[in-house]
Protein chains: 2
Amino acid sequence: MSGAGAHGGSPASPAGPENGLGLSRRVPDLGALQLLLAVARLGSLGRAARECGVSQPAASSRVRAMERQLGIALLERSPRGSRLTGAGALVTDWARRIVESAEVFDAGVQALRGRRDSRLRVAASMTIGEYLLPGWLIALRARHPDTVVSLAAGNSAFVAERLRSGEADLGFVEGLTVPQGLDGAVIGHDRLLVVVPPAHPWARRRRPPDARELAATPLILREEGSGTREVLAGALGELAVPLHEFPSTTAVKAAVIGGAGPAVLSELAVGEELAARRLVAVPVEGVALRRALRAVWPKGQRPPAGPVRDLLGLSRLRR
Amino acid sequence: MSGAGAHGGSPASPAGPENGLGLSRRVPDLGALQLLLAVARLGSLGRAARECGVSQPAASSRVRAMERQLGIALLERSPRGSRLTGAGALVTDWARRIVESAEVFDAGVQALRGRRDSRLRVAASMTIGEYLLPGWLIALRARHPDTVVSLAAGNSAFVAERLRSGEADLGFVEGLTVPQGLDGAVIGHDRLLVVVPPAHPWARRRRPPDARELAATPLILREEGSGTREVLAGALGELAVPLHEFPSTTAVKAAVIGGAGPAVLSELAVGEELAARRLVAVPVEGVALRRALRAVWPKGQRPPAGPVRDLLGLSRLRR
DNA sequence: CACCGCTCATAACCCCAGCTTATGCCCTGA
DNA sequence: TCAGGGCATAAGCTGGGGTTATGAGCGGTG
């Protein structure tokens, strides 16, 4: 109660409906969330404290503070342990999503810091590096905790250059062809989707737009776009007129959700938004926007060995 | 680009299985991440500081601390502003996903604390309440900032009871039928997916399992499951033998990823995992696991008005 | 019955992360 | 040349979070 005034100043910022950092006042920090997950899993504050490497009073106090902060009772404490409240279960699920995002962040950062002593140097396209690789690295770390990975991200030419010059051991690219001088294996596919916000006309029309209309419509694209643009240009014959370019995929998504126009993005990038109905994929007749995801390595280097093989195996998943 | 500074300072980790809360040591807190997003968007530390309501030195110091913590140079500072590094752009994208998860968390919690003065009391099934409603609430808050929502989550019977007793103004259920005494409108559909980890035999077989094999296989289910179980039982004739029950959807996912067995989950719950290839959906021949998502309200209450109408509109999205 | 083991809570103390204000340097545009 | 925006540094303060020590319920057990 006493609803935390949160000083309603909403200064209608340009490219975003959300504002300020009141969030960090209303959302517990990662440590507290992890603690909550541990309690949910282990059924006891004390055990959770031990697993998290803190003292039991610290855990107790922390969870209590979190309950005060949220205004919700999360745990049913008893002399025999602690169970989640109904609301607590829901909160825990939302918390787990934050923690998972943090794990992705961490795995990405760990790789990105590019240590010299890395046993596995990876070069990846932006899309794969951003959305797929962190997950693989988390899995890899679970299996081979000692493997240190370094990551460099760029377009296909960048990946190829890194491999040829020996600055990377393994590469990942999306696109139509294997870059010259490299061997490769298809590890999966993704589709490029035309996405619009749910309120957009294309989301409501019975007849979806055809290739002609798509090509005539200004689109929001990521700058440079390499793989994305290549496939798009091939499918449409000539490149659609870009409405605006943004530095990152997520910035593009934010712009689309904000109503700036349609965009063409990998399904990898918009899975969550589609599920949450924040974006809608519009089918476009007669346009095949499927492309291969490939692992690549220097030509002739026959059997990828050691850590390279480990990661390659993890990346080779069905479909 | 995106080379990332070398910076060999690696603080000899304690060779532990990193299960604890080392994450919170390696991942900056929400405030810092929001600050980074603001800098990326506004192009200047000072402007970002102002938007976030802190002093410029605080912002500067905070970002600097973050760079030290991550071991990555995020910004190119110049006397005319600050731009993101190549690596910084990647990090910022990962950061944005954390912040978005936090917004979902916040929206959910705000609704869950159930204020007495709520202008809109919603009762929803677990799946809708967990995955869809927070997104709608974020959108609702952007459009009608004054609307205060309270949320109660349970199974279909629970939702129906809340509506009939006048404790809720609007309900959301997934399932085959409209509960007795309620009016409803279909707002969308979802499918139940059989999911397994990528290494599971079903993910590799050319011939997917049929209904018979599915029904004979122990599955991981959420306890009580209401909507999910109802549809599943209807499709399989008799209920599959549950291998284990978990208290929350996310716990089920974690178990599946960990190799505990196949599960049947809403596509809403696994969109991200599918995109990231942490889970694989297995098609099952001859089994239709599609179900309707419905908004429901007390019978006779003709035109949903005011806030009810607002939220109803937001929830009525294509497909 | 009394004891031990488990649970959670409270109390007193400590430490560092992060905020603030005040100031200085650098670059650019008028 | 000066004004102004942008970033960095230097002091001093506050509080959240951690620790150890201790107490209080409840349950199985000799």
Side-chain angles (χ1 to χ4, degrees), chain A residues 4 7 20-71 73-85 88 95 102, chain B residues 5 11 14 20-71 73-85 88 95:
Chain A
H7 60 280
L21 72 176
L23 257 195
S24 48
R25 294 248 160 270
R26 296 189 304 250
V27 177
D29 57 284
L30 273 177
L33 298 178
Q34 282 186 286
L35 196 54
L36 177 62
L37 298 187
V39 174
R41 179 158 34 86
L42 300 174
S44 141
L45 278 167
R47 260 196 286 280
R50 235 169 293 135
E51 184 185 87
C52 291
V54 300
S55 69
Q56 173 267 320
S60 176
S61 149
R62 208 141 162 171
V63 172
R64 201 157 210 78
M66 182 162 44
E67 290 179 309
R68 240 181 327 110
Q69 178 185 16
L70 301 180
L74 301 173
L75 296 177
E76 280 175 21
R77 294 150 175 86
S78 87
R80 291 203 328 280
S82 297
R83 283 310 291 154
L84 281 180
T85 300
Chain B
L21 71 173
L23 255 196
S24 48
R25 293 251 158 269
R26 295 188 305 248
V27 177
D29 57 284
L30 272 178
L33 298 179
Q34 282 187 288
L35 197 54
L36 176 63
L37 297 187
V39 174
R41 178 158 37 85
L42 300 174
S44 141
L45 277 166
R47 260 197 286 279
R50 235 170 294 134
E51 184 186 89
C52 291
V54 301
S55 69
Q56 173 267 319
S60 176
S61 149
R62 206 142 163 167
V63 172
R64 202 158 210 75
M66 182 163 42
E67 290 180 307
R68 238 181 330 110
Q69 178 186 18
L70 302 180
L74 302 173
L75 296 178
E76 279 176 20
R77 294 149 174 87
S78 88
R80 290 203 328 280
S82 297
R83 283 309 291 155
L84 281 180
T85 299

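Naming convention: chains lettered A, B, ... in sequence-line order (proteins, then strands); numbering from 1 in each chain.
- Atom-to-atom, CG of A/D29 to C1' of C/dA17 comes out at 12 Å; the value is rounded to the nearest Å.
- When heavy atoms are screened at a 4.0 angstrom cut-off, A/S61 is found touching no nucleic acid atom at all.
- Rounded to an integer number of Å, the gap from B/R62 CZ to C/dT20 C1' is 14 Å.
- The side-chain contact (heavy atoms from CB on, under 4.5 Å) search around B/A40 returns B/L84, B/T92, not counting sequence neighbours.
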Please set out all donor-acceptor pairs under 3.5 angstrom arising from side-chain atoms of residues 75-82 of chain B, sequence neighbours excluded.
{"unit_1": "B/R77", "atom_1": "NH1", "unit_2": "B/E67", "atom_2": "OE1", "d": "3.2"}
{"unit_1": "B/R77", "atom_1": "NH1", "unit_2": "B/E67", "atom_2": "OE2", "d": "3.4"}
{"unit_1": "B/R77", "atom_1": "NH2", "unit_2": "B/E67", "atom_2": "OE1", "d": "2.7"}
{"unit_1": "B/S78", "atom_1": "OG", "unit_2": "B/R80", "atom_2": "N", "d": "3.0"}
{"unit_1": "B/S78", "atom_1": "OG", "unit_2": "B/G81", "atom_2": "N", "d": "3.4"}
{"unit_1": "B/S78", "atom_1": "OG", "unit_2": "B/G81", "atom_2": "O", "d": "3.2"}

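- Atom CZ of B/R25 and atom C1' of C/dA17 are 10 Å apart (whole Å).
- Between the OG atom in A/S61 and the CD atom in A/Q56 there is a gap of 10.5 Å [rounded to 0.5 Å].
- Judged purely by atom type and a 3.5 angstrom limit, A/E51 has no side-chain atom pairing as donor or acceptor with the backbone of A/V39.
- Taking every heavy atom of residues 42-50 of chain A and every atom of DNA chain C, pairs under 4.0 Å involve A/S44, A/L45, A/G46, A/R47, A/R50, by number.
- Under the rule for a side-chain hydrogen bond (donor to acceptor under 3.5 Å, both in side chains), B/R47 has no partner lying at least two apart in sequence or in another chain.
- Separating the CG atom of B/L35 from the C1' atom of C/dG18 is a distance of 12 Å, rounded to the nearest angstrom.
- Rounded to whole angstrom, the span from the CG atom of B/L30 across to the P atom of C/dG18 amounts to 13 Å.
- Residues B/L33 and B/M66 form a side-chain contact, since some pair of their non-hydrogen atoms from C-beta on lies under 4.5 Å apart.
- Between the CG atom in B/L30 and the CG atom in B/L35 there is a gap of 12.0 Å [rounded to 0.5 Å].
- At whole-Å resolution of the value, CG in A/L75 and C1' in C/dC8 are 11 Å apart.
- Residue B/S60 places at least one side-chain N or O under 4.0 Å from the OP1 or OP2 atom of D/dA8.
- Here D/dT9 presents its C1' atom at 14 Å from CZ of B/R68, a figure rounded to the nearest Å.
- Put simply, CE on B/M66 is 16 Å from P on C/dA17, counting in whole angstrom units.
- When the side-chain nitrogen and oxygen atoms of B/S82 are compared with OP1 and OP2 of D/dC7, one or more of them lie within a distance under 4.0 Å.
- In terms of phosphate contacts, B/R77 brings no side-chain nitrogen or oxygen within less than 4.0 Å of OP1 or OP2 of D/dG6.
- One finds the CZ atom of A/R83 at 13.0 Å from the CG atom of A/L74 (value rounded to the nearest 0.5 Å).
- The shortest distance between the side-chain N/O atoms of B/S55 and the OP1/OP2 oxygens of C/dT20 is below 4.0 Å.
- Counting only heavy atoms from C-beta outward, the side chains of A/D29 and B/S24 never approach each other to under 4.5 Å.
- B/R80 has no side-chain polar atom (N or O) that falls below the 4.0 Å cut-off from OP1 or OP2 of D/dG5.
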What does the list of N/O pairs under 3.5 Å between the protein and nucleotides 22-26 of chain C look like, with a distance for each?
none

